[in-house]
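Both backbone and side-chain heavy atoms feed into the values below; hydrogens, waters and symmetry mates do not.
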Amino acid sequence: MEPEVFGEQYWARRPLLTRAEDTGNSFTDLLDLPAVDELLSRRGLRTPFLRIAKDGAVVDPERFTSSGGAGAEIADQVSSEAVLRLFADGSTVVLQGLHRLWPPLIEFADSLAADLGHPTQVNAYITPPSSRGFSPHYDVHDVFVLQMAGKKHWTIHEPVLPDPLRTQVWNDRADEVAAAAEREPVIDAVLRPGDALYLPRGYLHSARALGEISAHLTVGIHPVTRWAAAESALDLVRTLAAEDPELRGSLPLGLDLTRPDSIRDDVAAVIAGLQDWLGRVDPTEVADRLRARTWSQVRPEPVAPLAQATAAAALTPDTVLRLRARLRCSLRDAADGRVTLLGGRRTHTFPAEARPALAELLAVGELEVGDLPALDPADRITLARRLVTDGIATVPGAVPGHARTGDDDGHDHATGEHR
C-alpha cells in the first residue's frame, strides 16, 4: 500500500490487518526470541524497562528485581531467574522503551518517526502459551502490532471514546470498556509471524497466545494533535496575559468564595480579557511552540562521543562533515543580527557570517570543511569543530583514538621517533 493511501484511508480512522504472505515480512530483523533472552539475562535491564502482567493485573516489580551483586548493588535490576519463574507460571513479559535499548529498534523507531512526523516508541510483549497478559483496554496513541513469533488471537472493538487524549486513559472508563468488549468485534483474527495490525488510538483490544510462546512488537505512534496545538495556544495566552494589569488585579476585600455570584463580574472580566488576548495570538508562534514540543520528543541519530571528539580535534579542510541523520533543523535570523539554528530539542546561536555555511550544510547534507562558504580557513575549522561537538554534524567513519591536529605530521619531535 502506498503511504498516501494509508494516510487517507486508515490513519487515525480505522484498523488495518495485513498478512505476511502479502508483504513478505517477518520482523525478526528487529527482534527475536533469543534477543529477548539476551535482554532479560545479560544487559543489566532495570525497571521501568520491564513490566510483567498476568490475567490483566500488573505484577509488583519487587517480585522480579534484585541487587546486581558486587559493584552493582542497585536494587531495581531485573532478576532473570525471577522472570523465569513468573513466565513459566503464565505471566506476560513486557519490554518497554526498546527504541532506547536495542540497536535495530533504535534505528527503526527513529527512522519511522522521521517519516511519519510523529514521535514513536517500541515495546515488546512476550506471552506464554495459552495465556493473556492484559484485559481489554485502549491506548491513547496509535499502534502498529508486528507479530514476530508464535500465534496470538486478537479481538478488536470500536472505541468508547474516539481519539482519546493522553489524559483520557481507559482506566477512567473501565466499566464502559468492559461493556463494549462484550459486543461484536470489528476484527477477530489470529496473527502469525510477519502479520501486522494497525490500530488508531481508542480502539479496544485484547490478545491471547495460542499453543506456544507468542511475541509481538507494539510500535506506538504518539500523534501530534489539534489539542496539542490548543495547549500551546493556551500556554502562550497565559504568558501574554500576565502582562495585563487588569488581569493581575486583586479581588475585593471580604471575599466569600462560597458565593460564586459575589465575584461573577470579576470572573466575566477575566474571561473577556482572556478572549481578547486569545485573539492576539499569532498562529505562527503557536506552531513554533508545537514544533519545539514535538521535536523534544524525537531523537536524531545517536552520536559516538569518543569517536566524534577525536574527529573534532583533528579537523582539516578535507574532512567531510555530514548533517546528523534525522536531526530536525531550521535556520532563522535573530533580532541582534546573529543567526539561530534550531536543531532538535536544542537552540544554537552563531555569528551572522556563519549563515551561508550553515545554510549550505542544511541544504546539501554533506560537504568538506574546506567547502564551507563565505568563511576564511581558520573560521571554517572553528565552525566545523563546533558543529561536531554540539552534535549538529558528524564526521563519517570517525574512530576513537589519537587526535592528530592540522600540523601534526605523525613525528614526535621531542624523541625523534615516528608515531
Enter the distance from [X]:[atom1] to [Y]:[atom2] here, rounded to the nearest 0.5 Å.
X: D175; Y: D172; atom1: CG; atom2: CG; result: 11.5 Å
X: L331; Y: H348; atom1: CG; atom2: NE2; result: 11.5 Å
X: D139; Y: Y203; atom1: CG; atom2: OH; result: 14.0 Å
X: S66; Y: E73; atom1: OG; atom2: CD; result: 11.5 Å

Which heavy-atom pair separates [X] from [Y] by the least distance, and what is that distance?
X: P400; Y: L306; answer: CB-CB, 3.7 Å
X: D32; Y: A35; answer: OD1-N, 2.9 Å
X: G343; Y: L327; answer: C-CD1, 3.7 Å
X: Q168; Y: R173; answer: CB-NH1, 4.0 Å
X: V303; Y: R324; answer: CG1-NE, 3.5 Å
X: L361; Y: L321; answer: CD1-O, 4.3 Å

- Message: With a sphere of 6.0 Å drawn around CZ of R226, does it hold more than 12 non-hydrogen atoms of other residues, nucleotides or ligands?
- Response: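 No, because the 6.0 Å sphere around CZ of R226 holds 12 heavy atoms or fewer from other groups.
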- Just wondering, more than 12 heavy atoms not from E62 lying within 6.0 Å of its CD?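 No, CD of E62 has 12 or fewer neighbouring heavy atoms, counting only those of other groups under 6.0 Å.
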Does [X] come within less than 4.0 Å of [Y], counting only side-chain N to carboxylate O?
X: R293; Y: D235; value: no
X: E368; Y: R380; value: no
X: E231; Y: R166; value: yes

Counting C-beta onward and ignoring hydrogens, is there a side-chain heavy-atom pair between [X] and [Y] closer than 4.5 Å?
X: W102; Y: L95; result: no
X: H205; Y: W154; result: yes
X: R289; Y: T239; result: yes
X: V298; Y: H118; result: no
X: T225; Y: R201; result: yes
X: L387; Y: L358; result: yes
X: L45; Y: L101; result: yes
X: I52; Y: R63; result: no

- Message: Could you check whether R14 makes a cation-pi contact with Y10, meaning its NZ or CZ is under 6.0 Å from the centre of the six-membered ring and within 45° of the ring axis?
- Response: yes
- Message: Can you confirm if the NZ or CZ of R43 lies within 45° of the ring axis of F49 and under 6.0 Å from the centre of its six-membered ring?
- Response: no
- Task: Let me know which of V160, V186, T155, I156 forms a side-chain contact (heavy atoms from CB on, under 4.5 Å) with L204.
- Result: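 That would be V160.
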- Item | Stepwise side chain to side chain contact (heavy atoms under 4.5 Å, CB included) check, L50 with L40 | CA-CA 9 Å; L50 178 68; L40 291 172; 4.0 Å; yes
- Chi angles and distances behind the salt bridge (charged side-chain N to carboxylate O under 4.0 Å, His left out) call for D276, R280: CA-CA 7 Å; D276 178 59; R280 305 187 204 181; 2.6 Å; yes
- Contacts of R264 that satisfy salt bridge (charged side-chain N to carboxylate O under 4.0 Å, His left out) - sequence neighbours left out: D261
- Pair T127-S214, side-chain donor/acceptor within less than 3.5 Å: no
- May I have the step-by-step check of side chain to side chain contact (heavy atoms under 4.5 Å, CB included) for F87 and S131, ending in yes or no? CA-CA 10 Å; F87 189 77; S131 298; over 6 Å; no
- Between Y198 and F144, what is the ring plane arrangement, given parallel below 30°, perpendicular above 60°, and tilted in between?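 Correct class here is tilted.
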- Message: Applying ring pair (Phe, Tyr, Trp, His ring centres under 6.0 Å) as the test, list every pair that has at least one member in residues 217-275; sequence neighbours left out.
- Response: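 As it turns out, the ring pair (Phe, Tyr, Trp, His ring centres under 6.0 Å) pairs with a partner in residues 217-275, which skip direct neighbours, are H141-H222.
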- Spell out, as yes or no, whether a donor-acceptor pair under 3.5 Å connects the side chain of R13 to the backbone of G7.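 Between the backbone of G7 and the side chain of R13 there is a qualifying donor-acceptor contact (under 3.5 Å).
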